[in-house]
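Written out below as structure tokens is the structure these notes cover.
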Amino acid sequence: MALRSPSAPKQDVVISTRVDKVGLRPALLRNFRAGLAVVAALIMLLPAVWMSMTAFKSRPDAVSVPPKVFFTPTLEGFVSLLTDRRQLSNTELEDYKQRTDLNWMDKLALKRGQAIIGWSEFPKHLRNSIIISVTSTFLSIFFGVLAAYAFSRFKIPGESDLLFFILSTRMLPPVVVTIPIFLMYRALGLFDTHIGLILLYTAFNLSFAVWLMKGFIDEIPKEYEEAALVDGYTRLQAFRKIVLPQAITGIAATTVFSFIFAWNEYAFALMLTSSAARTAPPSLPSRIGTGGVEWAAIAAGSLLFLIPAIILTFALRKHLLRGVTFGAIRKG
Amino acid sequence: MATIELKQVEKRFGEAYAVKPMDMTINNGDFVVLLGPSGCGKTTTLRMISGLESVSSGIINFNDKDVTWLHPSERDIAFVFQFFALYSHMTCRENIAFPLRASGEEGAEIDRKVKRVAEMLRIEHLLKSRPGGLSGGDQQRVALARALVRKPAAFLMDEPLGALDAEFRETMRAEIKRLHLEQNATTVYVTHDQIEAMAMGDKIVVMSAAEIQQAGTPLEVYYDPANLFVARFIGSPGMNLVEGSYSEGKIKLGDANIYCVPQDWRASLDTTIGTGEVVVGFRPEAVQFSAQGQLGSSVYANDLHGSYSMLHLELIKDNIVNARADRRDRHQMGDSIKFDIDPEQVRFFDPKTEKALQKVAL
Ligand SMILES: Nc1ncnc2c1ncn2[C@@H]1O[C@H](COP(=O)(O)OP(=O)(O)O)[C@@H](O)[C@H]1O
Ligand SMILES: [Mg+2]
């Protein structure tokens, strides 16, 4: 029997009246915080914004003093980044101006009295960067997750020693070992090969991946897999169906860290590659070569270089933000 | 369905025993409760039965088949964990269907079974949601549904109600008992709560310090505790235990009281104790107040428990015994009060071995 009379007001909506959420001071505080966040974001993003603008500037705009904020965007910088060109003589120039088979890139080059003679090395270097970073990240995650699972779940003789040993590979500044690695790589035929850099980056990232993933897998209660085991699954099935989905946050974080390390790595890439396996980071500064600095081209290169890292981080942002919350098991 | 048999099963972690060699038989269809204080080895025992923990030595049989070294997935059991172990990346429906997918059942068949078990546990409305946001009671229902959706040889439950609020616990207790009666499936249920054990078990196995102290029906462990531990542990409050010195049919309790041992117990005390220390044990409800009572005491405190009140009586100096009294009786603090012990319900223990004495047939 409902005791409430029919005219009694229904209380379906409950409005929070926490005193720290209403009133003037909290409102001011909130706005102040938001303002602070915007300022911080501006400071952080300014270089990236400036770089993006420079990438679309013409040569004179890029070096004008005072710097131009408003300008006519052009793809000149990209063309000079991605192509090799030669200077045309006056007669050739006239000749070229008559031609009708020129595409937009040729036309942009022609404005500067140049003809495109082929792609530059940069696209190749960018491709190398992608191949090497993606492969080494995949390998680090693959082996890292398996090793972390074993360390987390099984009794391994000398477990703490092994873990320390794995971590100790990170204790030496990597630069210290460049010379021995350079000599080793030359002797083994790994110099200037994709495999060479993939192996190196995997080795660097693996220790990191094992430690990070072990932390994440330790957080997953072992009852999760045990429930699957008694329900008729093998350990490998339980790992695939239960542990991997639960560890996805950790995998995402580790992926981003590993990828960014491999993607940005400069010193070893410079030492251990010359052309075939050269990656983008050492390739970019080499453009500050002869005949003045082409700021637009360098900015364009940096922009292209930035994009994959941004895409990856953006794609995984949900997992990165979600944190380690495994709802259904409450630790007792 | 299965009969589970443990033969000299033991578990050591390093040098320490988590479970000392134990023999136990769980008959087909029984609801057996493993009861004991925290750390006494209940979980370890259950995990050895499930195969999640390997035995250090001993043999485990299911229906006379040796399963000691079988993988958990080959034992056909369902395990309900204290903290539910529901997969947060799956909906409740997927969670419940998970064990069925292992055996590769057909989609339609899985749907039918999930629907049936969801009806049984009244959780149809939860099937689409994820377990993370559910209340403890609902999560436990889903976890039970996941166990019940198959017809396993045995259900193993490790403190399945331990994580619930007191209010939910009683509802779920009744629910699990009802499910057991419907399914009549062999169940091993672990708890440290003796009230839960008494309410649910067909048989209770009391454990302490890695050993079985007593195995028997709830009434047996309640009325005939095998030793002092069980006497203290079962019941709330536990059995009153008073030590005195025995000689020729009489026990001297403190300075003022002499207790005459019932005739049918004399032979037993004469042979086992002879002359010496003995512990008299009796439940609070075995106290019979009367003006001619042979034991004198003074009222120390009086708790009202709704339908009855529990008197705390100082029988010997600094030795309080509990007695159940009518709630309408008025007792003042310090009143002296006389009582007898129901001769049917008095028990005796040897303080040296801590074991209960057995009545000798005359
Ligand atoms: N994996 C383990 N390693 C070492 N000791 C353990 C392990 N599991 C349990 N123990 C020990 O075994 C004893 C019994 O534990 P457990 O079976 O969990 O007790 P209960 O479930 O009755 O509380 C405890 O002393 C506990 O510390
Ligand atoms: Mg336990």
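So you know, we letter chains A, B, ... as the sequences are listed, proteins then strands, and number each from 1.
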Donor-acceptor pair, A/Tyr224 side chain versus B/Leu86 backbone, under 3.5 Å? yes

Can you tell me how far apart OG (B/Ser73) and CD (A/Gln237) are? Round to the nearest 0.5 Å. 8.5 Å

Would the number of heavy atoms belonging to other residues, nucleotides or ligands and lying under 6.0 Å from CZ of A/Phe257 be above 12? no

Heavy atoms of other groups near A/Phe154 CZ, more than 12 under 6.0 Å: yes

Does CZ belonging to A/Phe165 count more than 12 external heavy atoms closer than 6.0 Å? no

Working to the nearest 0.5 Å, report the span between CD of A/Gln246 and CE of B/Met90. 8.5 Å

For chain A, which residues from residues 103-120 of chain B lie under 4.5 Å away (heavy-atom distances)? none

Measure distances from B/Arg101 to the heavy atoms of chain A and classify the residue's part below 4.5 Å as side chain, backbone, both or neither. both

Work out which heavy atom in B/Pro72 is nearest to a heavy atom in A/Val230; give both atom names and the distance. CB-CG1, 4.0 Å

Looking at every heavy atom in both A/Tyr233 and B/Phe98, which two are closest together, and how far apart are they? OH-O, 2.5 Å

Heavy-atom closest pair, residues A/Leu229 and B/His71: CD2-CE1, 3.9 Å

What part of B/His89 gets within 4.5 angstrom of chain A, counting heavy atoms only: side chain, backbone, both, or neither? both

Residue B/Phe79 versus chain A: region with a heavy atom under 4.5 Å: both

Would the number of heavy atoms belonging to other residues, nucleotides or ligands and lying under 6.0 Å from CE of A/Met171 be above 12? yes

Hey, is the main chain of A/Lys241 close enough, under 3.5 Å, to the side chain of B/Tyr87 for a donor-acceptor pair? no

More than 12 foreign heavy atoms under 6.0 Å from CG of A/Leu167: is that the case here? yes

Side chains of A/Glu223 and B/Phe84, heavy atoms from C-beta outward: is any pair under 4.5 Å? no

